[in-house]
Each structure stands twice: as structure tokens, then as C-alpha cells.
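Inspection log for the structure reproduced underneath, given as C-alpha cells.
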Amino acid sequence: MKRKKEIKTMSREIVLGAIKNSFLKLNPLKMYKNPVMFVVEVGMFITLLATIFPTYFGSTYDEVGYNALITFILFVTVLFANFAEALAEGRGKAQADTLKKTKKETMAKLIKSDGSIKMVKSSELKKGDIVLCEAGDIIPADGEIIEGLAAIDESAITGESAPVIKEAGGDFSSVTGGTKVISDSIKVQVTVDEGESFLDRMIKMVEGAKRQKSPNEIALTTVLVSLTIIFIIVVMTLYPMAKFVHVRISATTLIALLVCLIPTTIGGLLSAIGIAGMDRVTRFNVIAMSGKAVEAAGDIDTMLLDKTGTITFGNRLAADFIPVGGHKKEEVTYYALISSLKDLTPEGRSIVDLAKKMGAKAEDDILEGAEVVEFTAETRMSGLNLKDGTIVRKGSYDKIKEYVESKGGEIPEDLQEVVERISLLGGTPLIVVKNNEVLGVIYLKDTIKPGMKERFKQLRAMGIKTIMITGDNPLTAKTIAEEAGVDEFIAESKPEDKINVIKKEQALGRLVAMTGDGTNDAPALAQADVGLAMNSGTMAAKEAANMVDLDSDPTKIIEVVAIGKQLLMTRGALTTFSIANDVAKYFAILPAIISGTLPSIRVLDIMKLSSPTNAILSALIFNAIIIPVLIPIAMRGVKYKPMSANALLTRNLLIYGLGGLIAPFVGIKLIDMIISLIF
Ligand SMILES: Nc1ncnc2c1ncn2[C@@H]1O[C@H](COP(=O)(O)OP(=O)(O)OP(=O)(O)O)[C@@H](O)[C@H]1O
Ligand SMILES: [K+]
Ligand SMILES: [Mg+2]
């Protein structure tokens, strides 16, 4: 998988910026957005007061040093949490800066209504304006090509240096502001107003300016806040209880205890995990419009893929012309050529090329007065109505059969056999007819992308059902489906079938992902829970989708799903670790605090820490340090291996649950040993 636009994960600049921002984030007006860490910050202010006025907070003047130390550790804890978030944000900003460099003011050649050209600034362009873009020009705004064809360098946005061909009409007519015309000239109609361009939206997304908490994140935050409130109540009731049994506990100790118990680890890392997840998607050259979309990708049950161009390379090339019904090869070749003279699809062009190579030649005046019937996915046919009344068509087996029969023609006996032969090879048969007479078949060859079987196996291991949906005939569909290893296929489907399949799956409570690039994919892309549009596709598709792949690689949906899963897993794993940690800390320090005055508790004091004060300090230091220790995992995400949800859960509970329980005992004991050496 190509990752061209790799931006350094951890440059000096990003780290320095993050350090500065972790201090700025201390502002309580910003801090309250992270409720768990806000509680720590408030606790810090109280222990600070307890350092200055110890007697008001149940401390003695002897304990000023202890109070100050606790205040300092709490300060560092909050700082560490802020650093995690700032670091994640910083990496997004670095990517946004690279994009911003693309967004330069350029001069545009505005075509006025009288046809004359006026030079204007790109920022002055409005929706609907028509501009001329010639070789060497930077395209001044997003738009659709309304006239011409050009090679365009999109490397500024995609990082891909090979130019792409864009042309008026069809699914490859949209152009993006900031890209450069390499050859030829086009007329472009501007489709967006200033500030709303694709690049603008991309920058905003990557920068995190529009970042909102995803529903999952909000739900988890609610759980964390509830836990925090419970522990505040627990710690508050501890005070009168301790007094009752004549144990003196100062406010500072209670706050230290509280901070150890509330889920500070996940509280500190939660937003970094979300931001880093989106960042990983961006690093794959996919722009996600929301964190919600990335998370949805992690929960996908069903994936819809089309055949041509997704599972196969999609550059279907004519490989042969096969006559049927006693016709000659020259005849099919000639009419295949005629039917494709005005067919600008890759298939049509390859037919013209092959027919010419095989010696067919169209008369110079054949197109005079001829009516062009363009290919649509709906009709699955294309061709010409010649001036002399001859009708030439080529198209899919089912549609041509329908057409010929409606015109009173007959289907030659050997047609079925030829169609089957091509289909069994995974090729697409196109039937050529003249008036109501079937002449033969065009064999369009396509190749399955390498490694598809392996990828679908992985998806199956993840528990995802794959459905290939194609306009091609059932036999070709079956051959390709079997060869690629998809779970199900739907053949002879019309564009609207996609949206129906999605709706049906969703009605069964499933989350559905799909990729697409055409305007007719737009409704389905919008309907899908994860819609990944190709950057090469139309604006309509890109606007409807919640993700855009800058490399226009439809199979990348597989990686996006893996990243989404990894994001959800990372969050789950670190939450488990955090809570297990807090439970362990409770058992590590509470006996140490109380056993001094209540000897009966001593049996519980399994850790044998050097002193109650050292126990609290060690636990609190461990609590702070664990945040930066886990930052790399939050950023990188936990390792993901395709397996079922249950197997994953068991595995993670073992690693992160058990690990979270054991780590504090080891960590706190070590810190205690170091502290007792110092003091
Ligand atoms: N240029 C063309 N002229 C006539 N018929 C065509 C042309 N291109 C494709 N067809 C026929 O129309 C069918 C449907 O095409 P469409 O592009 O909708 O689907 P597809 O490319 O076969 O599959 P997918 O949905 O996987 O891309 C093709 O299978 C083929 O039989
Ligand atoms: K904690
Ligand atoms: Mg197609």
C-alpha cells in the first residue's frame, strides 16, 4: 500500500508545540471539557491551598512539604494528559499546513457572457462562473469540466505524481482547485463559493477545527464521569469514617486517594486516541469527514463492492470479436467498431483500437447525420443510429436479448455458448447487433487484482460479509466472485439496486460500507454508514460520502475498516487497562494508609510499602507516569489481527485487564523503593 504523503510522526517542532499547548490547556475554561482531568486540576488547587494554609485542611505544618509534593505531582498529571491531546492535535495540524501550502491565490481566466476573457483573482470567483484553464494554469476553484479534455497534475492534493486525464461528461469531469493543468485546455464551471472548496473542507477536517466528539466517545465520557462522581462520594464518606475510628486523614491525602481511584489514565488519553485514529486514516491518504465515520468503519458488518475497478483492475480491454449465427468475423469487427466510434468509455475506446488493429475501417462520412446513443448503466447499451436508418448497438446479453426480441429478431443458437465461454473466463461479453440481427460478441477482458482472495479472507476473519454488486451478467459475476472469494454477489444490478441492498442490510441492524465514484453512486454513498468516495470521482459522490480516498483506490475501504477497528479496540483496551489499574491501586495503598492505626488491616498490606506517606506518593507518581507511558499505544493504536469480536475481547481482557491489574503492584513497589532510598 502506498503512503506517499508520509508526514513525520514526531518531529521536534510537533513535540515543542505540544509542550507549549499542554500549558495553555491548563486554563480551567478549557480543562472542564475533560471532566476527569478537571477534577484532578481542582484537586490540585485545593492541595495548593493546603500547602499555604495547612491547618485549614486537616494538615499540620510538618506536612507542608508533603502537600507541596502532592500538588506538584497532580500538576504534572494534568500536564501529561494535556500533552497527549496536544501531541495528537499537533500531528493533524502539521498535515493541514502541508495542505494549506496548496491553497494559494491564483489568477483565473474568467469567461464573460460575451465570450471575452477577463483576468480575476481566484478568490473573486463565484459558483456558476466559467473559467478557461490552459496548460500550465493552476485550476482556480473546484468545478466541473464543461468542455474539453486535459491531463491534470493532482499531486498537490493526492501526492500522486502521475497526471490524470479529466474530461467533460461522465464520472471524470470534476476538478479540484489547486491542481495544475499539464496539457490541453478545458472550460470549467465553478461549483463552490470561496471558503467551501474541497481543499478548505479537507484542511478543516485534518486540522481538527470541526472535530466533535463521536457518539461512542460521548458515551464513554459519561461512564467516566459517573465513575468519578461515585469515587468523589466514596472518598468523602471515608473522612467521617476514618474520624470515627480515630484515623486522621488530611484533605491532601483524600485528594491523592481520589485521583488514584478515578479513571485518569483513560481520561487523559481518550481524546488523543480519537484524534490519532483519524490521523491514521489521513496518513493513508483518506480524508474522513468525521470521527464518527472512522468509528463506524470499525463496526462494519457488511461491505458492498462493485466488480469493475474494485475487485478487477477495471481497464476492461477488448480482446477478441467472435461471430455467431453464421456471420463473418470481419462483420462483427466492423460493426463493433461502428458502434463504438462515439463511445468514450474505456471499453468503447479499446474496441475501436482493437478493431482498427484487426483491419476494420469506418467510412469517412459514416458519422454524418448519425445519432449517438451513449452508454448508461441503466440501459447497458450504446451505439449509433446511422443516417441510412441502420441501427447499430452493442451491450450486455440480457439487454440486447430483450432489445432484439422486441424488434422481432431471433437469438442465434450459438450465442449462449459464446457468452458462457467468455463469462467463465471472468470476461464481459458485449453483444453486437445490426438492426435486429445479432452479429457476434466482443470479449472484454479484465483481471482480478492480485491478493484479493487474501484480503477477503481477512474480512471474513473480521466477521464482515462482502457483497459484490455488478451490472455484469450472472455468469461473469459468479466467476469473478468465486475467484476473488467474496461471500455473495448480485448481478445485472441497476444503480438504484445499490441503495436498496444497503437499506435492506441496515434494516437487519447491520452497518454497511461501500465505495463509489459516480454521480449515480451518490445516494448509496450517503445511505451507507461508511461511504468512501474516490477522489477521481464526481463532486456529487464526494459530497455525499463521509470519506474521500485521495488515491482513488476502491479497495482501500479494507484498510479503513481495519483502522476503525483498531481505533475502537485501542479505546477499549486502554479503558480496561485504566480501570483495572485503579482497582489495583486501591488495594495497594488503602491498607498501607490505614494499617498504621488499625493493626487488624495489616494482613491486607501485601505490598509492604515503606510508609503510608510513601505509599500515597508512589501510587500518585505511578498514576501520573502511566499516562505518557501509554501515549505511544494511544497514538499508534493497539496491534490488530483480523479475528472475531469475541476472540478479540477475550484476548484484550487478558492482556489489558490482567496487565492493568498487575502493573500498579510492580510499578508502585518500584517507585516506593526508590523513594525510600531518597528520603
Ligand atoms: N461502453 C459500453 N457500451 C455498451 N455496453 C456496455 C458498455 N460498458 C459496459 N457495458 C455493459 O453494461 C454492463 C453494465 O455496466 P456497468 O458499468 O453498470 O457495470 P459493470 O462495469 O459491469 O460492473 P460494476 O458495477 O462492477 O462496475 C456491463 O457489464 C456491460 O455488459
Ligand atoms: K487514576
Ligand atoms: Mg462500471
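Values below: all heavy atoms of this structure, side chains included; hydrogens, waters and symmetry mates excluded. Note that the structure is predicted; figures quoted are calculated from it, not measured. Remember, it's 1-based here, ligands and their atoms both numbered in the order they're listed.
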Check your understanding: Nearest non-hydrogen atom to atom 29 (O) of ligand 1 belongs to which of Asp472, Ile469, Ile431?
Key -> Asp472
Check your understanding: So, is Gly267 placed with an N/O/S atom under 3.4 Å from the K ion (ligand 2), counting both backbone and side chain?
Key -> no
Check your understanding: Atom CD1 of Ile232 and atom CD1 of Ile255: how far apart are they, to the nearest 0.5 Å?
Key -> 10.0 Å
Check your understanding: Does any N or O atom in Thr470 lie less than 3.5 angstrom from one in ligand 1, N or O only?
Key -> yes
Review point. Taking non-hydrogen atoms only, is Lys394 closer than 4.0 angstrom to ligand 1 via side chain, backbone, both or neither?
Key: both
Study note, to complete from the structure: A student comparing Arg349, Glu374, Arg316, Glu347 should find that the heavy atom closest to atom 28 (C) of ligand 1 comes from Arg316
Check your understanding: Taking heavy atoms and a distance under 4.0 Å, where does Asp306 meet ligand 1: side chain, backbone, both or neither?
Key -> both
Review point. Is ligand 1 under 4.0 Å from a heavy atom in the side chain of Thr308, in the backbone, in both, or in neither?
Key: both
Review point. Closest to the K ion (ligand 2), which N/O/S atom of Asp582 is it?
Key: OD1
Exercise for review: Please say whether Ser382 places an N or O atom under 3.5 Å from an N or O atom belonging to ligand 1.
Suggested key: yes
Check your understanding: Short N/O distance, under 3.5 Å, between Lys498 and ligand 1?
Key -> no
Check your understanding: Judged by modelled atom types alone, do Tyr32 and Glu41 share a side-chain donor-acceptor pair under 3.5 Å?
Key -> no
Point to revise | Within-4.5 Å side-chain heavy-atom neighbours: Val432 and Ile442 | key: yes
Exercise for review: Give yes if a backbone or side-chain nitrogen or oxygen of Asn473 is under 3.5 Å from a nitrogen or oxygen of ligand 1, and no if not.
Suggested key: no
Point to revise | Mode of Leu430 contact toward ligand 1 - side chain, backbone, both, neither (heavy atoms, under 4.0 Å) | key: side chain
Point to revise | Side chain proximity check, Phe313 to Pro450, heavy atoms < 4.5 angstrom | key: yes
Study note, to complete from the structure: Among Glu378, Met381, Arg380, closest by heavy atom to atom 14 (C) of ligand 1 is Arg380
